[in-house]
Amino acid sequence: MYREITIYEALKQQNALLIDVRSEEEYDRATIPGAVNIPVFNNEERAAIGTMYHREGPEPARRLGLKLAAPKLPDKINSVDQIANGRKLIVFCWRGGLRSQFMASLLDTMGYPVSRIVGGYKAYRKYINEYFNRAALTQKAVVLHGLTGVGKTEALLGLAQMGLPALDLEGLARHRGSVYGKIGLPPSPSQQAFESDLVCFFNSLGEKGLFIVECESRRVGNLILPSPLLKSMENGYKILLYTSLENRIKRIREDYTRGPGENIPELQKATSSLIKRIGRARVEELNILLSKRDFDSVFTYLLKSYYDPLYRYPDGPSLEYDLSVDTKDMKKAVQKLTCFIQNLPEYEHTDLGRYSQWKSAKS
């Protein structure tokens, strides 16, 4: 007989295989991190069963479900056989209903040690919501500030390579946070999947650890940062990164023109979204410059006339910050940042081992 366990018990399990038996569409939208998808019903079958349920009631819907599922049972078991590798199995559906009951019973009959999550994925979402239902996080933030193009993301990734707990919000969101933020990047995750990644990251740090993050507004693309994270960033250590306008333009050019045809159509489309802010005539002028591959003129204008006045960061060292670092030589900048962070009192409470495991699993 399979066991029924809570979401908290499931998340503590070591060397277990999580199996999401929902449809591909449900799985792609968001799942419990690390789960594999072995759907009882595919998208079309799930829709047909739902229609049957609303039109004729639960009993005809169950019979249709059995008819659709029965021919595929050997394939489902074969899929599990190929990936189980002796691990305990934990199955779940949307809210711990018939789909997970069916799959758990089947796997139990085939001799697998299997558990089923009570409440399903809905219980996991409740867990995530409870995690962020607090005033602030318990971990201390180290926040990288600076004008557009100073290399905040590059510095963050450099710190991650040094083994430090870096939270790359733009990487998780698959959006660089600017008007050109989606160029060359895959689709962003759902809000639910984004929040799941955040919770997994913070769980890897320990209750009193620290994390490094780039300063962001409440939104990264279409994704919203949880309020406790924003509050922790507001109360964190403040580090200012700075460099010359020439270096900033060079970094931006390298980031945004790396692609087929130097991404000119995408750059022009994104620039056109600024019509209400900089005017139609200016947008047309910038797009003509882009067509001529005069990237430096475009990026210089946007930095000096749009982004710099918007963010108002200093372009040199400032006593308003706990540390100011010149990023002209990024390798030296990362070394200076690393030394500062490793001497913070919260650093010794950070679980770097668990963070390393999270980073390896994420990659």
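Model, not experiment: these values are computed from the prediction. Values reported hereafter were calculated over all heavy atoms of this structure, with side chains retained and with hydrogens, waters and symmetry mates removed.
For the 3.5 Å distance criterion, the side chains of Ser105 and Asp108 fail to qualify, holding no donor opposite an acceptor. No side-chain donor from either of Ser23 and Asn42 sits under 3.5 Å from a side-chain acceptor of the other. No hydrogens or angles considered: a donor-acceptor pair under 3.5 Å links the side chains of Tyr313 and His145. Of the N and O atoms on the side chains of Ser188 and Asn222, not one donor lies less than 3.5 Å from an acceptor on the other residue. No side-chain donor from either of Tyr121 and Arg22 sits under 3.5 Å from a side-chain acceptor of the other. Under the 3.5 Å distance criterion, with hydrogens and angles disregarded, no donor-acceptor pair is assigned to the side chains of Gln13 and Glu9. For the residue pair Ser115/Glu4, the side-chain donor-acceptor check at 3.5 Å is not satisfied.
Using a 4.5 Å heavy-atom threshold, the side chains of Asn263 and Tyr180 count as separate. Residues Val80 and Lys76 fail the side-chain proximity criterion, which asks for heavy atoms closer than 4.5 Å. Contact of the Val142 side chain with the Val213 side chain is not registered, since no non-hydrogen atoms from C-beta on lie closer than 4.5 Å. For the pair Glu170/Glu216, a side-chain contact is recorded, criterion being any heavy-atom separation below 4.5 Å from C-beta on. Counting heavy atoms from C-beta outward, Leu107 and Phe102 have side chains that stay 4.5 Å or more apart. Side-chain contact between Thr138 and Phe202: absent, with no pair of heavy atoms (C-beta onward) separated by less than 4.5 Å. Proximity of Asn37 to Val21: side-chain heavy atoms (C-beta onward) are nowhere separated by under 4.5 Å. In this structure the side chain of Lys359 never reaches within 4.5 angstrom of the side chain of Arg354, judged on heavy atoms.
Annotation: Glu246, atom CD; neighbour count of heavy atoms from other residues, nucleotides and ligands within 6.0 Å does not exceed 12. In Tyr53, the OH atom is not crowded: 12 or fewer heavy atoms of neighbouring residues, nucleotides or ligands sit closer than 6.0 Å. Heavy-atom neighbours of Lys182 NZ from other residues, nucleotides or ligands within 6.0 Å: above the threshold of 12. The number of heavy atoms from other shown groups lying within 6.0 Å of CD (Gln342) is above 12. Heavy-atom contacts from other residues, nucleotides or ligands closer than 6.0 Å to CZ of Arg87 number more than 12. Applying the 6.0 Å contact sphere to NZ of Lys88 captures no more than 12 heavy atoms from other residues, nucleotides or ligands.
When all heavy atoms of Asp255 and Arg176 are compared, the pair lying nearest together is O-NH2, 3.9 Å. Across all their heavy atoms, Ala104 and Val91 have their closest contact at CB-CG2, 3.7 Å. Pairing each heavy atom of Thr350 with each of Leu210, the nearest pair is OG1-N, 3.0 Å. Contact record, Ala173 with Val220: CB-CG1, 3.6 Å, taken as the closest heavy-atom pair. Val298 and Leu286 make their closest contact through CG2-O, 3.6 Å (heavy atoms, listed as atom of the first residue, atom of the second, distance). Taking all atoms of both residues into account, the shortest heavy-atom contact from Gly261 to Arg293 is O-NH2, 4.1 Å.
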Next on the checklist: salt bridge (Lys or Arg N to Asp or Glu O under 4.0 Å), that's the test. Do Arg258 and Glu254 meet it? Break it down for me.
Outcome noted: CA-CA 6 Å; Arg258 190 188 304 122; Glu254 290 173 350; 5.5 Å; no

Item to check | Derivation of the side-chain hydrogen bond (donor to acceptor under 3.5 Å, both in side chains) call for Ser318 and Tyr242 | outcome: CA-CA 10 Å; Ser318 172; Tyr242 65 90; over 6 Å; no

Item to check | Intermediate values then yes/no, salt bridge (Lys or Arg N to Asp or Glu O under 4.0 Å), Lys208 and Glu346 | outcome: CA-CA 7 Å; Lys208 297 182 180 180; Glu346 294 85 2; over 6 Å; no

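Judged by the 6.0 Å distance and 45° axis criteria, Arg134 is positioned over the aromatic ring of Tyr131. The side-chain tip of Arg116 does not point at the ring of Phe92 from less than 6.0 angstrom away and within 45° of straight on. Figure legend: Lys140 and Phe211 shown without cation-pi pairing, the cationic atom not lying both under 6.0 angstrom from the six-membered ring centre and within 45 degrees of its axis.
A distance of 9.5 Å separates CG of Leu18 from OH of Tyr124, quoted to the nearest 0.5 Å. Note: Asn85 CG to Leu17 CG = 8.5 Å, rounded to the nearest 0.5 Å. A distance of 8.5 Å separates CH2 in Trp358 from CG in Leu205, rounded to the nearest 0.5 Å. Atom CG of Leu344 and atom CG of Leu323 lie 9.5 Å apart (nearest 0.5 Å). Between the CD atom in Glu24 and the CG atom in Asn43 there is a gap of 4.5 Å [rounded to 0.5 Å].
Classification of Asp308 and Arg248 as a salt-bridged pair holds, one side-chain N sitting under 4.0 Å from a carboxylate O. Between Asp296 and Arg253 there is a salt bridge, since at least one side-chain N of the basic residue sits less than 4.0 Å from a carboxylate O of the acidic one. Remark: Glu266 does not engage Lys269 in a salt bridge, criterion side-chain N to carboxylate O under 4.0 Å.
Pairs passing the salt bridge (Lys or Arg N to Asp or Glu O under 4.0 Å) check and including a residue from residues 45-56, sequence neighbours excluded, read Glu26-Arg46, Glu45-Lys72.
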